[in-house]
Amino acid sequence: MSGRSSRCEPSLVFFLAHPALPLIPTLPLSPTDRQCQAFRTDLLDWYDEHKRSMPWRETNDPYRIWVSEIMLQQTRVSTVRDYYHRFLEAFPSVEALAAADRDTVLKHWEGLGFYARARHLHEAAQRVVDEHDGAVPDTMDAIKDLKGVGPYTAAAVLSIAYQRPHAVLDGNVTRVLSRVFAVDEDATTSAAQGHLRDLANELLAPERPGDFNQAMMELGALVCTPSTPHCDRCRLNAVCRAHDAGTEESYPITPESDPVPHKDIAVGLVFGDHDRLLIQRRPDEGLLGGLWEFPGGKQEGEESMEAACRREVKEELGVGMTDVEPFYTLSHAYSHFKITLHAFRGRLADGPPEAREDQPFRWVTVDELDDYAFPRANRRLIEELERRQTEPSLFD
DNA sequence: GACGCGTGGAA
DNA sequence: TTTCCAAGCGT
């Protein structure tokens, strides 16, 4: 960015108009220094008055702030709160996290989703201990080198924990700036993201970078919301180009989303000796990587769901089932497809099972299932198992 | 650059 | 009911 005071909205006009008149000009694509300062002051004043209480705002510990930012990726504040407390109680320091078992880390992440975050955070903690003497890096190059730390998280941790002048660009900031500046390009493109990031860095309050970043996100979460934004309560409405034009809800501009595919999945609740159930661990990478589950998979061709269940159990563990009967059916949505999960219960017909590479199995009692990290859909089956265990009359 | 990757709450 | 999408990142 250059020549910022010689654009279509001359700074002199803004200077004369701003203090006294209601005719405040909306912000040009290259705001002047004075316009940026007014923006910062208005935003931070609002933030100081209206910011919500959050557990990670009670600490200066870079490790805790890092953990919170990983959890907050694509995840709402209200969801993160409890996970944050439990996770930091279990792993109060980066050393404690680094020394933990992967399964224990995943168990504390169970239900939070995007499980690669937990695996990467765990691995990154071990690198911080081994390569940085246990100190979360305070430079852009070093922190972005950690797994799971991208442009957003790097800027967030550096600004909030270390007061470094890096603007974040998340969904909130994208929306707020797209509206304030009426950005008429697809906001999901890298070109637009670059423009928005430049704008955010120009506006950034250098003396309070962490608060500025959180203020932008807080405004997006509380006031400048995706649908029906509350412009009447917005401290920036006077300079917002979209509000000036009455087109707030048309920003940010995003492409139409693709239809979500649906799959039918069959899983087997395979009972062996002593009423133990057969579970297996998913491969480390990919969907739900590292979590435990009941064996199963996609229905193929014209086969029945029960046939799909038998086939998948045979393919994954090399064993057959007897006394197979329908147990429970549920619907579930993942990030990029939906499923109907058809669960069958039955007994081990032969055996013993053989584990496939990277997919170990175990025999566990219903009570012991709680010790393992399961995907949400499997957890719902477990809840049903426990419900029927306490109400035996419903088992038939 | 496009796609894969969870979950739950709000509209 | 369905759709949207939230403090994004890795490959």
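Just the heavy atoms: all of them, side chains too, but no hydrogens, waters or symmetry mates, feed the values below. Order of the sequence lines fixes the chain letters, A, B, ..., with proteins taken first and strands second; residue numbering starts at 1 for each chain.
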At a heavy-atom distance below 4.0 Å, what parts of residues 171-192 of chain A sit against DNA chain C?
A:G171, A:N172, A:R175
Using whole Å, report how far CH2 of A:W109 lies from C1' of B:dG6.
12 Å
So what does A:V149 touch, heavy atoms closer than 4.0 Å: a base, only the sugar-phosphate, or nothing?
sugar-phosphate
Looking only at side-chain N and O atoms, does A:H332 come under 4.0 Å of OP1 or OP2 in B:dT7?
yes
Please determine whether a side-chain nitrogen or oxygen atom of A:H336 lies at a distance below 4.0 Å from atom OP1 or OP2 of B:dG4.
no
For atom CZ of A:R117 and atom P of B:dG4, their distance in whole Å:
19 Å
Side-chain heavy-atom pair A:I65, A:N60 within 4.5 angstrom cut-off
no
Between which nucleotides of DNA chain C, 5' to 3', does chain A make heavy-atom contacts below 4.0 Å?
C:dT3 to C:dT11
Establish, with yes or no, whether the OP1 or OP2 oxygen of B:dG4 is under 4.0 angstrom from a side-chain nitrogen or oxygen of A:Y334.
no
Are A:F337 and A:H262 close enough that some pair of their side-chain heavy atoms sits under 4.5 Å apart?
no
Give the rounded distance in Å between these two atoms: NZ of A:K338 and C1' of B:dG8.
14 Å
Detail all sub-3.5 Å separations between protein N/O atoms and N/O atoms belonging to nucleotides 9-11 of chain B.
none

